[in-house]
Amino acid sequence: MKGKSVLVDLSKCIGCRGCQVACKQWNQLPGEQTVNWGSYQNPPDLSAFTYTLVRFKEVEGNGQVKWNFFKDQCHHCVDPPCKYSADDIVKDAIVVDENGAVFYTEKTKELGNMDLKEACPYGIPRRNSVTMQWVKCTFCKDRIANGLVPACVKACPTGALTFGDRDQILAQANQRLKEIKVAHPSAQLLDIDDVRWIYLLHEAEAQFQMGLREERTYHFGWNRILSPTTLALGILGLVFKWRERGWKQAG
Amino acid sequence: MNISLRGFIKVSSAMTSGAMLSRFGWDSWPAKTSEEELRIKYAQESTTICPYCAVGCGQIVSVKEGKVINIEGDPDHPINQGSQCSKGSALYQLANNDRRITKVMYRAPYSDQWEEKSWDWALDEIAKRIKMARDATFTAKNAKGEVLNRTDGLASLGSAAMDNEECWLYQKFLRSLGLVYIEHQARVCHSSTVAALGESFGRGAMTNHWIDIRNSDCILIMGSNPAETFPISFKWVTKAIERGATLISVDPRFTRTSSKAHIYAPLRSGTDIAFLGGMIKYILDNNLYHKDYVVEYTNASFLINEKFGFEDGLFSGYDKPKRKYDKATWQYQVDEKGFPKRDKTLQDPQCVFQLLKKHFSRYDLDKVSAITGTPKQKLLKVYKAYSATGQPGKAGTVMYAMGWTQHTVGTQNIRAMSIVQLLLGNIGIAGGGVNAMRGESNVQGSTDHALLFHILPGYLKNPRASDVTLKAYNEKYTPKASDPKSANWWGNYAKYSVSLLKALYDDHAQPANEFGYQYLPKLDDGEDCSWISLFEAMYAGKFKGFFAWGQNPACSGPNAEMTREALGKLDWMVNVNLWETETGAFWKRPGVNPEKIKTEVFLLPCAASMEKEGSITNSGRWMQWRYKAVDSPGQAKPDGEIIHELYLRVKKLYETKGGAFPEPITKLKWDYAKNGKVDIHAVAKEINGYDLKTGKLLLSFAKLMDDGSTSSGNWIYCASYTEDGNMAARRDTKDTSGIGLYSKWAWCWPLNRRIIYNRASVDKTGQPLDKEHPVIRWDATSNEGKGAWVGDIPDGGWPPMVNEAETRYPFIMRSEGFARIFGPDLADGPFPEHYEPLECPVKNMMSSVLFNPTSKRWDLVGSDMDKFAQVGDPRYPFVGTTYRLSEHWQTGAMTRQMPWLVEMQPNMFVEMSKELAKELGIKNGEWCVVESARGKVRAVAMVTSRYKPFNIGGNIIHEVGLPWCFGFMGLATGDSANTLVPNIGDGNTMIQESKAFLVDVRKEV
């Protein structure tokens, strides 16, 4: 499989959020009005104006505290379910470029009542309520097409984000996993075969704030049973989940 | 030397994709033809250095049609290699921000609004006011008849935000006016660093540099949280960890830094000396020190006066009423030749080593744990891991900042670590050092250029009234060394002072007039004009006029509300800034009536970092050149231009109308005008200095003379701008050292030496102690068999120690040539001793002396606004501390204007443990009130498991922490934590105690 990938090595993330702002700068996204809600995490969630977000989670156990940072954005699925869902309504509203960037075009405005967020296994897409266009991380498609690394990858000071050819990134991910398994036995790579943004978690999944992931798997199916369309989408999603993660999370 | 940059612009504006690739990508590949057009294509590019912290990251500014369209990291820059933190990433919003002030603003006395004015009007009015205040308050002599030649009615604060050249111009201007109240950010951030490192090693700066952290085997991060406040430094911390280094985080609170540490140990704020004292004892008890290093390079073997002693918290010679030591008994014993007596076996009970052992024998684990609240097994874990770097070939480093400096024992906190590092042989080596992380982009430069009351540029002393002649002044501050093997570099003092006077007064500095020495304003003996004293004097109504230049004291200093009240006691204030800050707008702050505030305010808009040209010096002493990318918005001007125009106006007034002692102003060398503007290159050259006979720029401060034949504005910057060009602008990305010195990237003082004290990194034959990471090495075969050093610029070029006849000891800036484990020149003792903060929850468990016995007690002599809590005060039961956030910078004056940063940290908050929150009935996210004896602030509760209650000798003590980046102006408003902080200073430098005080916390009702 060709194209590009990014390794998101959370064991190296310091939560500085250089990536979060670099994304806004490159994409010229406005700042949002927020309030401190008892967390460093802000804006509290992804939005039409925030394509990437560092989620903060404190965990405590065995007399030890951990503070884990999860840089969230579109994972750029190899076979993106959002695209399959959208294609049913507007062909090529969502496109995948030669590097593998999943890109939401202006045609996503025409997707009517379809909830792309529901179609995404990670709950990433957001809709701009004024333009009605669906938006999310673009993989800095314009930059990578011109030989530059994505803005967030470039900003990252510690090497938590590495961009490159998919083969090379996969090899690097497996190598790095092997290295950190010694000190972090529960370290794991997430959904490595299915996404281009490959997450290396140095702790168990539950020790990270992973956005709608958990909720997504928990509610899978229930929301979808409401209508035949969503049911179809739900099954597609379930298949996707099944393939990459098995049933253990759904229970 | 700026050819490379021009070339760079040319290449990139040629728009070849190849040029783009080499400039912007780490992983380049042949770009495919694509319909995608990059929005920065066809943009004009220039390089700059980030204006926030002093990591000194490089950035590329892209400009189209006169507007900045993109700013991202410079991939060629060896420190950040293209990466940026959130603040750096948000710089676009500094260049494009409609909240910038773009017009001259004036607030009339008792007015409730600004009026727009012209530059001419404002500068004329300010010049008139300067002259009036100066003429009215000029003091020619003191009561003893000694010359002062100073202006008492004016004071200045600022600025580490200015370029080096502007700092030099500004202090030149201020001193010509006769100001002695000259202070700036450096006082309140790292003044204690300069005192401690200067005493220990000879120079007051970070010993190594950012990239060098990667060479370390064990990194102790204590008194700082660099993952938060210096994120790019973590690039190098991470590299060290990848090499197998151990990372230790010691902090009252589990931080972003702690999240990456192998060992985390909590400690109660204000107990660092106890913690480090325990480490010193551990190293000595277990013989983990580097014996050869300790004997040959430190003063451990020196014998101390037999009457030296220590009892119940006090060293010998304490004068209680004066709160001062007579240091006569703290001196070395000398032999008949005047050489210090030594016992190289380290057995003599009067030798420094034995005195050290005795002093720290009291810091046992039980005592230390009871004071700090750190569990004993955690202490041991830290001590063991760090002490392992005492083995030859291993390197341990420390990264610290305000968590150590801002205490009444700030200087001694850093001294304690200096002692640890000397015992372990960690100074001068790659991956070692005591690394003071400086927090403003040019605070190293502004300190070097002496925007401080007590020094002149290059760390020369500001003259005192009793230094009646230049000869007496030079003699007093020129240290003597009897041992010919001591280089005693400060023996050159007169060469630097006379060259400085030549740079100030040029032809008006002649032997006949003591080179203009009497033009310099003098301090009275023992007089202190530091930050707290300045604001106490202002509050007492002593000043008519005040410059708040590129600084926001209404939020940045202790007792912030008192500072704001003090500003209201002025006749006028000049505030130069990018924004309308809390300082400029103090007269309309919440809770006050502008109609009752007299102070006239002139608010002058200045240029941002990418809108002017000049150099700044980062924490690792790298002087880096910045280029102008765009014009300033509206009428804003570079600080240098404002200073220039103001000086010319004041000069004209004195030339035409006369006045009090006009000579220092009218005879000042001020020849920078080029097309009506300041030629910054001419200023940079003046700082470097000239051979006045040939008119050529000097290559080294070794060429400076005391006879008036050379000039140099700042001797430590001599060699920065030579006949070969502007060294600060160099951009050679090759590193031939193998240890990341990047010696041809920019320039660093002194003499481009990247790791200072590097002659202590070798054995007596000149071979590196760490063979894998050699800093310098003596190559006996080179130089026609005479031998030469290879590697970094050696700290003194003399041959190694085996060459008894020609060598010099490696610590050339100390008169004895040795690093000081015993520091005889500090105010509060030759060894660090644990004292409690002024406001503390418990008594001192080490002695009956509660807090630093040499700290000035403003509660005894200060204003009605100086209020303090008692020990264990039931009204204020919790320890409070302050810190910075990654997303905001200092008071937030800049970052609170930027939506991208404000959205991430929108409100003032207080972090507290779950245990305390439960006790107080406070839930996460609820609004609280935090109150000290000085004032109160509103804050959102952040209830966290990252804070834990401390067990302090059996008592449960809670600590809470608050960021100090908020204020009442800007997009994100909130109270400043500095409202809570007391006016109390360190015994050596008067840095305030922001990091440990007492508070109460309650739910807001």
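Chain naming here is simple, since letters A, B, ... match the order of the sequence lines and numbering starts at 1 in each.
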Side-chain contact test, heavy atoms from C-beta onward, threshold under 4.5 Å: evaluate it for B:Asn80 versus A:Pro157 and give yes or no.
no

Under 3.5 Å: donor-acceptor pair, side chain of B:Glu228, backbone of A:Cys16
no

Under 3.5 Å, side chain of B:Asn924 to main-chain N/O of A:Gly38, donor-acceptor pair present?
yes

Does any backbone or side-chain atom of B:Val902 lie under 4.5 Å from a heavy atom of chain A? Answer side chain, backbone, both or neither.
backbone

Check each atom of B:Gln93 against the heavy atoms of chain A and say whether the ones under 4.5 Å are side chain, backbone, both or neither.
neither

Relative to chain B, which segment of A:Lys66 carries a heavy atom at a distance below 4.5 Å: side chain, backbone, both, or neither?
backbone

Are A:Asp142 and B:Arg39 side-chain neighbours, meaning at least one heavy-atom pair lies under 4.5 Å?
no

Can the positive tip of A:Arg17 be found less than 6.0 Å from the middle of the six-membered ring of B:Trp900, inside 45° of the ring normal?
no

Tell me, out of A:Cys19, A:Ser39, A:Gly159, who's got the most heavy-atom pairs with chain B below 4.5 Å.
A:Ser39

Any side-chain heavy-atom pair of B:Lys260 and A:Thr158 under 4.5 Å:
no

At a heavy-atom separation under 4.5 Å, does A:Cys23 approach chain B through its side chain, its backbone, both, or neither?
neither

Looking only at the side chains, is there a donor atom on one of B:Tyr92 and A:Gln28 sitting less than 3.5 Å from an acceptor on the other?
yes

Is B:Arg946 salt-bridged to A:Glu60, cutoff N-O under 4.0 Å?
no

Do A:Asn42 and B:Glu903 meet the criterion of a side-chain donor-acceptor pair at a distance under 3.5 Å?
no

Is any NZ, NE, NH1 or NH2 atom of the basic residue among A:Glu58 and B:Lys914 found under 4.0 Å from an Asp or Glu carboxylate oxygen of the other?
no

Which atoms of B:Leu885 are under 4.5 Å from chain A, going by heavy atoms: the side chain, the backbone, both sets, or neither?
side chain

Engaged part of A:Leu29 at the chain B interface, taking heavy atoms whose separation is under 4.5 Å:
backbone

Decide whether B:Glu911 and A:Tyr40 meet the rule of one side-chain donor and one side-chain acceptor closer than 3.5 Å.
yes

